[in-house]
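Read the structure below first, then the notes.
Atom set for the values below is all heavy atoms of this structure, side chains included, hydrogens, waters and symmetry mates excluded. Along the sequence shown, residues carry numbers from 1. Because the structure is a prediction, the values reported are computed rather than measured.
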Amino acid sequence: TETPVEAKQVIQFLRCAGKLKIEKRTGWVLRKVPVPESVSDHSWRVALCSYLITDRNINPVKASQLGILHDLAEAIVGTLCVFMMLMLEVGIEPTTFGS
């Protein structure tokens, strides 16, 4: 049997996910892009592109669902681009990037 999801939990989840609207993509910020896209903007575009896939071996609905959810954790942990993680690994402070 499935455990019903309480309305309070749904609201809490949606509030958390809503943070993605204001979480700017780190790579864009580090490169000083004047109007950086949000994680939400990015996920929407990924979902839309995924839905338009015409490969018969790929279910576009499932692909678009993955696009919507793929960066959901960033609502909690923030956004790190790969380049930023590499900088941290070699001991370079990411805030100095692009200065």
| note | Residues pairing under salt bridge (charged side-chain N to carboxylate O under 4.0 Å, His left out) where one sits in residues 40-57, two or more places apart or in two chains, turn out to be Glu37-Arg45
| Got a second to check how far Ser64's OG is from Ile58's CD1, nearest 0.5 Å? | 12.0 Å
| message | So, taking the atom named CD1 in Ile22 and the one named CG in Leu20, what distance separates them when rounded to the nearest 0.5 Å? | response | 9.0 Å
| task | Would you name the heavy atoms of Ile68 and Ala47 that are closest together and state the gap between them? | result | CG1-CB, 3.5 Å
| task | Mind checking the OG-CD spacing from Ser38 to Glu74? Nearest 0.5 Å is all I need. | result | 10.5 Å
| request: Can you see which heavy atom on Pro36 is nearest to which on Val33, and at what distance? | output: CD-O, 3.4 Å
| request: First locate atom CG of Leu14, then atom NZ of Lys19, and finally report the distance between them rounded to the nearest 0.5 Å. | output: 12.5 Å
| By side chain to side chain contact (heavy atoms under 4.5 Å, CB included) - contacts of Ala17 (at least two apart) | Leu72
| said: Strictly by ring pair (Phe, Tyr, Trp, His ring centres under 6.0 Å), give each pair with a member in residues 19-52 just once, sequence neighbours left out. | reply: His42-His70
| message | Looking at every heavy atom in both Cys16 and Ala75, which two are closest together, and how far apart are they? | response | O-CB, 3.2 Å
| task | Give the minimum heavy-atom separation between Ser43 and Asp71, together with the two atoms involved. | result | OG-CB, 4.0 Å
| task | Treat each ILVMFWY residue as a node, draw an edge where side-chain heavy atoms are under 4.5 Å apart, and state whether Leu69 and Val10 are in one component. | result | yes
